[in-house]
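Since the structure comes first, as structure tokens, the remarks are kept for the end.
Just so you know, residue 1 is the first one in the sequence shown, and it goes up from there. We use all heavy atoms of the structure for the numbers below, so side chains are in, but hydrogens, waters and symmetry mates are not.
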Amino acid sequence: MSIDLRTEPAGPATGRSRPAPVTVLHWVFVGFAALTFGMLLDGSDAAVFRTAALVGYPVAVLLSVVAALRGPERGRRITIVLHLVLAPMQFVFSIPATIALLGIPLSLTILGLSRPRFPRMSPRTRKIWLILHVGFSVGWLGVALTMTVMAIIGSAAESHALRHGAYEALHVIDLAAAIPSMFLAIITGLVLSLGTKWGLVRHWWVLVKFAISVSIPLLAGTVESALADELALRTVDPAAEPGSTGVALTACLAGFTIALWVATILSVAKPWPRTRWGRSADARERAARLHAQARG
């Protein structure tokens, strides 16, 4: 599936190009990526994720500079592909450096200002992407439920071995299963929304579902991971108790599970009317069809 590079209808001619906020944000992102890269150099933990970030951010800086120099229209393809991948990928980068989470809303803002438009998928292509999205989303929900159960076990267990083992296993599941399923679910969801009639901001249920999908990584990277790491270290001591931290972790993971169930229900029920962006897009499409009929 390729990206439609046709530009939006131009405004009234003014003799010069309009200021482009997306170009300014390119340079903001370059500064942010350089700062994060510098912070990543100081440390040796999470070696695989740190290496990914140390490679990914220089590539992102290079592509951002190229896109900024080419301008908002000529650099549009680079911008859309780059930040479509970076938006969820920076959650992975945040494992060794939490500051990388700030890059997620920045990438989403740049992506939104670039107005990505994908050609409509064929029925066969849509079915393939839908299968992938449903599979990864169900996997993400299953992992969230499993981690919630592990947190409950860790908080309630009387045996030191079981308590500490539950938190150690939770940490492994988080890295090995939660992060990949989250990343793939968000990517396939973005492709599906942009490549079908639903769009990303045309329907409230899609927009709310996307907000849920993005908010969970942000909270997981700042709150849940800190709680899980603290409990894994604390419970090394046989006399240590999870206490309120264990309750907080359980509540956090239960909240993630409930939120993912809400996203699942939204996918099936598709409630609420269109957004104002959806109504505007419908009006433009109707006007374009009427114009084409009048000319034909």
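The closest side-chain heavy-atom distance from E224 to L170 is below 4.5 Å. Taking 4.5 Å as the limit, every side-chain heavy atom of V172 sits out of range of all side-chain heavy atoms of E168. A 4.5 Å side-chain heavy-atom check between L207 and W204 finds at least one atom pair inside the cut-off. At least one side-chain heavy atom of M121 sits less than 4.5 Å from a side-chain heavy atom of V191. Residues W272 and V208 meet the side-chain proximity criterion, which asks for heavy atoms closer than 4.5 Å. With contacts defined as side-chain heavy-atom distances shorter than 4.5 Å, the pair F93/L101 does not qualify. When side chains are defined from C-beta on, K127 does not count as touching L130, because their heavy atoms never get closer than 4.5 Å. Using a 4.5 Å heavy-atom cutoff, the side chains of I95 and I179 are in contact.
Under a hydrophobic clustering in which Ile, Leu, Val, Met, Phe, Trp and Tyr are joined whenever their side-chain heavy atoms come within less than 4.5 Å, directly or via other members, V30 and V28 fall into different clusters. Note: the hydrophobic cluster containing V65 does not contain F32 (ILVMFWY, side chain heavy atoms under 4.5 Å, direct or indirect links). Placement of V59 and I110 within a single hydrophobic cluster is found when ILVMFWY residues are connected by side-chain heavy-atom separations under 4.5 Å, directly or transitively. At a threshold of 4.5 Å between side-chain heavy atoms, the hydrophobic network of Ile, Leu, Val, Met, Phe, Trp and Tyr places L266 and W277 in one connected group. I152 and L162 fall into different hydrophobic clusters, defined by Ile, Leu, Val, Met, Phe, Trp and Tyr side-chain heavy atoms under 4.5 Å apart, directly or through other members.
Ring geometry for H164 versus H160: interplanar angle under 30°, hence parallel rather than tilted (30 to 60°). The aromatic rings of H203 and W198 lie perpendicular to each other, with more than 60° between the two planes, well past the 30° mark.
Residue L63 holds its CG atom at 11.5 Å from CZ of R70, rounded to the nearest 0.5 Å. Annotation: the span from S213 atom OG to I187 atom CD1 amounts to 11.5 Å, rounded to 0.5 Å. Here the CE atom belonging to M89 is positioned 12.5 Å from the CD1 atom belonging to I186, to the nearest 0.5 angstrom. Expressed to the nearest 0.5 Å, how far CG of L219 lies from CZ of F256 amounts to 5.0 Å. In this structure, CG on L25 lies 10.5 Å from OG on S64, to the nearest 0.5 angstrom. Between atom CG of residue L102 and atom OG1 of residue T36 there is a gap of 7.5 Å, rounded to the nearest 0.5 Å.
Counted within 6.0 Å of CH2 on W261, heavy atoms from surrounding residues, nucleotides or ligands total 12 or fewer; the atom is thus considered open. At most 12 heavy atoms of other shown residues, nucleotides or ligands fall within 6.0 angstrom of atom CG in D42.
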>> Run the side chain to side chain donor-acceptor pair (under 3.5 Å) test on T79 and S114 for me, step by step, so that the C-alpha distance in whole Å, both residues' side-chain angles and the decisive distance to 0.1 Å come before the verdict.
In response: CA-CA 7 Å; T79 301; S114 300; 4.7 Å; no

> After noting the C-alpha distance and the side-chain angles of V61 and F37, does the key distance pass the side chain to side chain contact (heavy atoms under 4.5 Å, CB included) rule?
Replying inline: CA-CA 10 Å; V61 165; F37 180 84; over 6 Å; no

> Should T196 and W129 be marked as a side chain to side chain contact (heavy atoms under 4.5 Å, CB included) after you check the CA-CA gap, both sets of side-chain angles, and the distance that decides it?
Replying inline: CA-CA 11 Å; T196 63; W129 280 100; over 6 Å; no

>> Let's go through W140 and L184 carefully: what are the C-alpha distance in whole Å and the side-chain angles of both, what is the deciding distance for side chain to side chain contact (heavy atoms under 4.5 Å, CB included) to 0.1 Å, and is it a yes or a no?
In response: CA-CA 9 Å; W140 189 9; L184 294 168; over 6 Å; no

> side chain to side chain contact (heavy atoms under 4.5 Å, CB included) between L249 and S155: does it pass, once the steps are laid out?
Replying inline: CA-CA 9 Å; L249 178 62; S155 182; over 6 Å; no

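For A157 against R163, the heavy-atom pair with the smallest separation is O-NH1, 3.1 Å. The two residues I104 and A87 make their nearest non-hydrogen contact at CG1-O, 3.2 Å. The minimum heavy-atom distance linking F183 with V85 is given by the pair CE1-O, 4.1 Å. Between M150 and A169, the shortest heavy-atom distance links the atoms CE-CB, 3.5 Å. In plain terms, the two heavy atoms of T257 and L145 that are nearest each other are OG1-N, 3.7 Å. What you find for G154 and P242 is that their closest heavy atoms are O-CG, 3.4 Å.
In the model, T245 has a side-chain atom that pairs as donor or acceptor with a side-chain atom of R234 under 3.5 Å. Between the side chains of E230 and Y167, no donor-acceptor pair is found at a separation under 3.5 Å.
Without hydrogens or angle criteria, S94 side chain to F91 main chain gives a donor-acceptor distance under 3.5 Å. Looking only at distances, no side-chain donor or acceptor of R50 sits under 3.5 Å from a matching main-chain atom of A97. Within the 3.5 Å criterion, the main-chain N or O of L108 finds no donor-acceptor partner in the side chain of H83. Using a distance-only test at 3.5 Å, with no hydrogens or angles considered, no donor-acceptor pair links the side chain of R274 to the main chain of R279.
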